[in-house]
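Have a look at this one before I ask anything.
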Amino acid sequence: MQKPIIGIISPCYNEELVLNETTVQINTIISDLISRNIVSEKSFAVFVDDGSKDKTWELIEEKAAGLLHVKGLKLAGNVGHQNALLAGLMAFKDEADALISIDADLQDDVRVIEEMILKFKLGVDVVYGVRKERPTDTFFKKNTALLFYNLMKIMKVNIVYNHADYRLCSKRVLNSLSEFGEVNLFLRGIIPTIGFTKENVYYDRLERFAGESKYPLRKMLTFAWNGITSFSNYPLRLVTIIGFVIFFFCLLMSGYALFSLYRHNVVPGWLSTVLPMYFLGGVQLFCFGILGEYIGKIYLEVKKRPRYFIDKRVD
Ligand code: UDP
Ligand code: MG
């Protein structure tokens with residue numbers, strides 16, 4: 001492919017403080033890539049307004065009118081980062097040869113966009129942006145993130161280490177993605193399962209230059225939990241293993257009890273009766289809880305609710 005059409009998709013939720021800068025920077029990058037004959041002059045950037053409560057959409061409209069390569073997509077309401085990103089990818093996948101997703105706060109270094117495109121031109125279908133290190137992240141964010149990846153690994157979810165949602169996907173990857181109907185969307189887990197050729201590009205993660213993170217602890221925990229339960233049945237297997245170990249332990253216990261009975265040294269014990277009861281009660285509740293989680297997911301999936309609604313589009 002000589003000059004591919006590249007689209008850059010950026011979900012925005014209450015990002016009025018950063019959009020001025022982001023739209024201009026990304027527009028400049030596209031202009032530059034076009035002028036150097038790396039990408040087609042039809043390349044573009046789309047800012048997806050995820051039901052923001054501030055002036056985000058007004059700003060996007062203004063920029064779409066003023067900047068050559070900028071377009072806007074307004075969703076009808078707030079559907080969350082993953083769904084907003086999906087909305088952008090699906091709405092524009094037929095208008096580009098590849099789409100690059102990037103956060104609106106420019107924490108992911110825009111300079112590697114070119115590297116991604118060059119790899120795509122060599123035939124790579126998925127190019128993951130991978131963070132080298134996180135010198136600017138807080139101690140808390142750094143360690144919760146590390147915990148997240150390790151947990152995912154233990155739970156056997158296939159994700160790329162230190163890769164968020166900064167990546168390039170070719171048209172055929174996006175077409176494959178469109179066949180996934182799940183409501184509990186976890187793109188970082190879905191894209192690696194699609195397959196095709198992949199490569200990484202490495203960059204330093206910067207600090208958010210304005211505004212606040214829209215991922216407080218509560219959302220991060222939900223995200224991690226969704227990642228695990230949408231992709232792995234490992235917790236269910238864990239329950240089985242725990243159950244088996246306890247069963248085995250109880251067998252040993254009863255053997256010991258019979259032996260004590262034979263030796264006539266049984267003490268009428270309250271503790272030994274009540275303690276296992278509590279213990280097993282706890283384990284059972286725990287198991288029910290996990291089963292419930294999955295049933296909850298099945299409930300959400302079988303409803304097959306649409307994941308987003310598009311309000312309007314500006315080009
Ligand atoms: N975002 C969104 N919808 C939401 C929350 C966040 O579209 O409900 C966007 C947000 O505007 C940003 C990206 O998702 O472009 C990542 O959010 P943020 O930078 O707050 O997360 P962090 O980098 O702190 O993980
Ligand atoms: Mg951010």
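Ligands are counted one by one from 1 in listed order, and the atoms in each one are counted from 1 as well.
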Task: Numbered atoms of ligand 1 (with element) below 4.0 Å of A104, judged on heavy atoms - done: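 With A104 as reference, the close atoms of ligand 1 come out as 15 (O).
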Task: Hydrophobic cluster identity match, L151 and Y149, side-chain contacts under 4.5 Å - done: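 Yes; tracing contacts between hydrophobic side chains, which count when under 4.5 Å, links both residues.
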Open item on the list: If I take atom CG from residue D105 and atom OG from residue S10, how far apart are they, to the nearest 0.5 angstrom?
Closed with: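 Reported value, rounded in 0.5 Å steps: 8.0 Å.
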Task: Nearest-option assignment for atom 15 (O) of ligand 1, heavy atoms, candidates S10, P11, S52 - done: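 Going through S10, P11, S52 one by one, P11 has the nearest heavy atom to atom 15 (O) of ligand 1.
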- [ ] For the residue pair H81 and D103, establish whether any side-chain heavy-atom pair is separated by less than 4.5 Å.
- [x]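 H81 vs D103: side chains touch.
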TODO: Considering the heavy atoms of C12, write down every atom of ligand 1 situated less than 4.0 Å from one of them.
DONE: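 Result: 7 (O), 11 (O).
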Task: Distance-only side-chain donor-acceptor flag, N20 / K63, under 3.5 Å - done: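 There is such a pair (donor and acceptor under 3.5 Å, judged by atom type) between the side chains of N20 and K63.
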Task: Top protein contact for atom 17 (O) of ligand 1, by heavy-atom distance - done: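 Sorting protein heavy atoms by distance from atom 17 (O) of ligand 1 puts Y215 CD1, 3.9 Å first.
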TODO: Report the nearest protein non-hydrogen atom to atom 16 (C) of ligand 1: residue, atom name, distance rounded to 0.1 Å.
DONE: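 Residue, atom and distance for the closest contact: D103 OD2, 3.3 Å.
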Task: Protein contact of atom 23 (O) of ligand 1 - nearest heavy atom, named by residue and atom, plus distance - done: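 Checking every protein heavy atom, the shortest distance to atom 23 (O) of ligand 1 gives Q107 OE1, 2.7 Å.
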TODO: Verify the distance criterion only: is there a donor paired with an acceptor across the side chains of K93 and N175 at less than 3.5 Å?
DONE: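 The answer is yes; a qualifying pair exists.
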Task: Angle subtended at the Mg ion (ligand 2) by D105 OD2 and Q107 OE1, rounded to 10 degrees - done: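 Once rounded, the angle between the two atoms at the Mg ion (ligand 2) is 100°.
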Open item on the list: Could you identify the single nearest non-hydrogen protein atom to atom 6 (C) of ligand 1 and state the distance to 0.1 Å?
Closed with: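 Residue, atom and distance for the closest contact: K214 CB, 3.7 Å.
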Open item on the list: Please classify the V79 to ligand 1 contact at 4.0 Å (heavy-atom distances, strictly less than): side chain, backbone, both or neither.
Closed with: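 Neither part.
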- [ ] Tell me which protein heavy atom sits closest to atom 8 (O) of ligand 1, plus the residue, atom name and distance to 0.1 Å.
- [x]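 Of every protein heavy atom, N78 ND2, 3.2 Å lies nearest to atom 8 (O) of ligand 1.
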Task: Connected via hydrophobic side-chain network under 4.5 Å: V201 and I113 - done: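 V201 and I113: one cluster.
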Open item on the list: If I take atom CD1 from residue I117 and atom CD1 from residue I8, how far apart are they, to the nearest 0.5 angstrom?
Closed with: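 With rounding to 0.5 Å, CD1 (I117) is 6.5 Å from CD1 (I8).
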Open item on the list: As an exercise, identify every atom of ligand 1 less than 4.0 angstrom from a heavy atom of E15.
Closed with: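 Contacts of ligand 1 toward E15, numbered from 1: 10 (C), 11 (O), 12 (C), 15 (O).
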Open item on the list: Tell me whether K198 at atom NZ has more than 12 heavy atoms from other residues, nucleotides or ligands lying less than 6.0 Å away.
Closed with: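 No, not enclosed.
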Open item on the list: Classify the ring geometry of F148 against F186: parallel below 30°, tilted from 30° to 60°, perpendicular beyond 60°.
Closed with: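 Answer is perpendicular, since the angle exceeds 60°.
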TODO: Have a look at ligand 1 and work out which part of D50, if any, has a heavy atom under 4.0 Å from it: side chain, backbone, both or neither.
DONE: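 Under 4.0 Å from ligand 1, D50 contributes side-chain atoms alone.
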- [ ] If you have a sec, work out which protein heavy atom is nearest atom 24 (O) of ligand 1 and how many Å separate them, to one decimal?
- [x]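 Nearest neighbour among protein heavy atoms for atom 24 (O) of ligand 1, to 0.1 Å: S213 OG, 2.5 Å.
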